[in-house]
Amino acid sequence: MDKTEEDMRANCGVLRRYRDLLPITSATPMISLGEGSTPLVHSRYIGKTIGCEELYFKLEGCNPSGSFKDRGMVVAVAKAMEARSTTIVCASTGNTSASAAAYGAYCGLRTVVLVPKGAVASGKLAQAIAYGAQILVVKGNFDQALELVRELSNSHPITLVNSVNPHRLQGQKTAAFEVVDVLGDAPDYLFIPVGNAGNITAYWMGFSQYFAMERIARRPRMMGFQAEGAAPIVLGHPVEHPTTIASAIRIGNPASWRQAVAARDESGGRIDAVSDEEILAAYKLMASREGIFCEPASAASVAGLMKSARDGLDLTGKRAVCVITGTGLKEPELAAQQAAAPPLEIEATLAMVEQALDLVAMG
Ligand SMILES: *Cc1c(COP(=O)(O)O)cnc(C)c1O
């Protein structure tokens, strides 16, 4: 493929851009809401504070529904259509339902989402409502909702689009391809939040596929981070009542547990936990020092990076990528709650503006 053709394909969605590397047939509809091809942004602050000059953020909040879930959803929905399915279902901490609802609306499918009661960020629920999904609020947690949709899809002609659907991870692996396509090689480290553990599994699949194709000479160390109150992989056993401010990773029994552990071990990486305080500190730092407003769950990767550096991980001369999984606009209340003081209200005069800014009036 020549360069211009590649350029033209770069923003045409995940299915077209990586069609040769995905489970696509001539019968797969090549749908796209413009997912993928997200920015890889060089850090100007956090990298310096930890001695890592080559730190990058992969901004997955720039996907159409505001999280990386769109990469997998477009493949899962295309394959559902190829199989002539007309209904899709998922359990969700929020972003999967937002993504499923978006692609379901785009493709004219019936979309059913099960969300744990009181545990979904307002923006994510607003999306599912706006896209017209049928929303069932389950009196239980995410793990229970996932069990329900698994059973439902086993006994009805309904396609499950959670990450236990293998097409989801196939689509999500394209983020690893993009990192390599931009950097020219794999980074030394990949820092990533871990909830249901599908994404860390998908990145590892992507890097491993490029490695097998000899597109990269080595694979990165996979550094996954759970929240302390929802850290089953770190603890080595399921957590019955997971708690954390980061709702997108509030999961007590990850579906891709085994694969995540394999990715960690094969890569020589780690899966560790960070506290809600560390997550919130990273969330604020990302917005105020890097100009990147992300979800608290996304900040877990940054919190994990900073914790690793504090614990002695030497990143001098290393290349690291932090996956910023979703946008902070999903949960605007949280940013407001974190503000030191509410914004100042003033009369509409220049004098009041100057006074508020401690500026001395000129002439
Ligand atoms: C889904 C999600 C995660 C967790 O990803 P898993 O694949 O479940 O490990 C992290 N951050 C955000 C914003 C998410 O939507």
Side-chain angles (χ1 to χ4, degrees), residues 35 38 57-73 76 90-100 102 113 115-116 119-121 123-125 127-128 142-143 145-146 161-166 168-173 175-176 190-206 222-227 230-234 242 244-261 263-264 271 274 279 282-283 286 292-304 322-331 334:
E35 66 290 326
T38 57
F57 303 113
K58 180 71 171 156
L59 301 193
E60 291 292 283
C62 294
N63 278 297
S65 82
S67 84
F68 72 84
K69 299 296 197 300
D70 294 337
R71 291 180 184 277
M73 198 58 68
C90 66
S92 177
T93 61
N95 279 333
T96 300
S97 59
S99 185
V113 305
V115 297
V120 174
K124 301 176 186 178
L125 207 52
Q127 288 179 286
F142 169 82
D143 302 285
L146 180 60
V161 294
N162 277 103
S163 58
V164 291
N165 176 330
R168 279 278 310 281
L169 300 194
Q170 286 292 320
Q172 285 173 211
K173 77 183 177 186
L190 188 94
F191 291 83
I192 186 167
V194 174
N196 217 17
N199 212 26
I200 189 170
T201 302
Y203 270 85
W204 186 240
M205 279 170 48
M222 304 297 284
M223 309 290 278
F225 293 88
Q226 303 194 292
I233 298 178
V234 179
T244 166
I245 188 161
S247 56
I249 53 173
R250 192 184 292 144
I251 292 175
N253 191 11
S256 299
W257 187 323
R258 193 177 43 78
Q259 297 92 320
V261 167
R264 176 195 70 191
I271 294 179
V274 284
I279 288 173
Y283 165 83
M286 282 296 285
I292 296 168
F293 184 32
C294 67
E295 277 198 41
S298 312
S301 66
V302 180
C322 262
V323 181
I324 307 302
T325 47
T327 168
L329 288 170
K330 301 261 188 179
E331 208 172 348
L334 181 65

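As the structure lists them, so they are numbered: ligands from 1, and atoms in each ligand from 1. All values derive from a computational prediction rather than experimental measurement.
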Item to check | Residues forming a side-chain contact (heavy atoms from CB on, under 4.5 Å) with Ala260, sequence neighbours excluded | outcome: Ala197, Ile200, Thr201, Ile233, Ile271

Item to check | Residue pairs involving residues 247-260 (criterion side chain to side chain donor-acceptor pair (under 3.5 Å); sequence neighbours excluded) | outcome: none

Quick one: table the atom pairs, ligand 1 N or O against protein N or O, below 3.5 Å, distance rounded to 0.1 Å.
unit_1, atom_1, unit_2, atom_2, d
ligand 1, 7 (O), Gly198, N, 3.2
ligand 1, 7 (O), Asn199, N, 2.8
ligand 1, 8 (O), Asn196, N, 2.8
ligand 1, 9 (O), Gly195, N, 2.8
ligand 1, 9 (O), Asn196, N, 3.3
ligand 1, 9 (O), Ala197, N, 2.8
ligand 1, 11 (N), Thr325, OG1, 2.7
ligand 1, 15 (O), Lys69, NZ, 2.6
ligand 1, 15 (O), Asn95, ND2, 2.7

Checklist entry - Do the side-chain N and O atoms of Asn63 and Glu35 include a donor-acceptor pair separated by under 3.5 angstrom? => result no

Checklist outcome for this item: Taken in chain and number order and not counting sequence neighbours, the residues that satisfy side chain to side chain donor-acceptor pair (under 3.5 Å) with Thr244 are Asp276

Checklist entry - Parallel, tilted or perpendicular: which fits the ring planes of Phe293 and Tyr283, with parallel below 30° and perpendicular above 60°? => result tilted

Checklist entry - So, Glu295 and Asn95: side-chain donor and acceptor under 3.5 Å apart, yes or no? => result yes

